[in-house]
Amino acid sequence: MTDACVMCGRYGRAGGPLHIADLEASRAFLHEDQFFPGYVLLVLRRHAAELYELSAPERRTLIEEVSRVAQALARVFRPVKMNYELLGNQVPHIHWHLVPRLAIDPEPGAPIWRVEHQPAPLAAPAARERIEAIRRALAESD
């Protein structure tokens, strides 16, 4: 972890109202904006900006965790397609945006960044309910 990194500062510890799970290499958090229901951030637990900076075993573990969380989201939200985004241009810390794209998606062919919408944060009870559903689905994959 590094003090200068936004991701390390914000997601470097377990806990918080949007924390879903601690996995071996990563932590899962419900994204604040739930306009796309089930949108999750999967953040590498240590600081690294590029996949090639990880050892081969760590990289394999991370990719398995990406797949495991995506599968849990698919169980809960039944998407038409799952989007996987790993960019790092704005925040150079390995983190995946996992976005279930549902049948009700207003622009299913567009990246989520281009879909104009008002942010849709959930009230605390609804967020807890969504997080618990994802945790149950993750537990089924153990």
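For reference, positions follow the sequence shown, starting with 1.
Minimum heavy-atom separation, Arg68 to Leu138: NH2-O, 3.2 Å. Between Pro79 and Ala74 the shortest heavy-atom distance is CD-CA, 3.5 Å. Looking at every heavy atom in both residues, Cys8 comes nearest to His47 through SG-ND1, 3.5 Å. The minimum heavy-atom distance linking Pro108 with Pro106 is given by the pair CD-C, 3.7 Å. Nearest heavy-atom pair, Val115 versus Ala110, reported as atom, atom and distance to 0.1 Å: CG2-CB, 4.2 Å. A pairwise comparison of heavy atoms in Val80 and Leu102 identifies CG2-C, 3.9 Å as the closest pair.
Side chain of Arg59 to main chain of Leu51: a donor-acceptor pair is present (N/O by atom type, distance under 3.5 Å, no hydrogens or angles). Glu65 places a side-chain N or O within 3.5 Å of a backbone atom of Ala25 that can act as its donor or acceptor partner. Distance alone, capped at 3.5 Å, places no donor-acceptor pair between the Asp33 side chain and the Pro119 backbone.
Side-chain atoms of Val66 and Leu86, non-hydrogen and from C-beta on, never get closer than 4.5 Å to each other. Counting only heavy atoms from C-beta outward, the side chains of Arg46 and Glu58 approach each other to under 4.5 Å. The side-chain heavy atoms of Ile63 and Trp96, taken from C-beta on, include a pair separated by under 4.5 Å. Counting only heavy atoms from C-beta outward, the side chains of Ser26 and Leu42 approach each other to under 4.5 Å. At least one side-chain heavy atom of Ile134 sits less than 4.5 Å from a side-chain heavy atom of Phe77. Side-chain contact check for Leu62 versus Leu23: every heavy-atom pair is 4.5 Å or farther apart.
Residue Ile104 is grouped with residue Leu73 when hydrophobic side chains (ILVMFWY) are merged at heavy-atom distances under 4.5 angstrom, including chains of intermediate members.
Partners of His117 under the ring-ring contact (aromatic ring centres under 6.0 Å, His included) rule, at least two apart in sequence or in another chain, are Phe35, Phe36. His95 pairs by the side-chain hydrogen bond (donor to acceptor under 3.5 Å, both in side chains) definition with His97, not counting sequence neighbours. Remark: Glu53 pairs with Ala48, Ala49, Glu50 by the side chain to side chain contact (heavy atoms under 4.5 Å, CB included) rule, at least two apart or across chains. In this view, Ala133 and Val76, Arg136 satisfy the side chain to side chain contact (heavy atoms under 4.5 Å, CB included) rule, not counting sequence neighbours.
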Exercise for review: Show your reasoning for whether side-chain contact (heavy atoms from CB on, under 4.5 Å) applies to Leu54 and Ile94.
Suggested key: CA-CA 10 Å; Leu54 308 181; Ile94 294 173; 4.1 Å; yes
For this session: Step by step, work out the side-chain contact (heavy atoms from CB on, under 4.5 Å) result for Leu18 and Leu41.
Result: CA-CA 10 Å; Leu18 300 177; Leu41 286 176; over 6 Å; no
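The side-chain hydrogen bond (donor to acceptor under 3.5 Å, both in side chains) contacts involving residues 123-132 comprise Gln34-Arg130, Glu132-Arg135, where partners must be two or more places apart or lie in separate chains. Judged as a side-chain hydrogen bond (donor to acceptor under 3.5 Å, both in side chains), the pairs with a partner in residues 74-89 (not counting sequence neighbours) are, in order, Asn83-Arg101.
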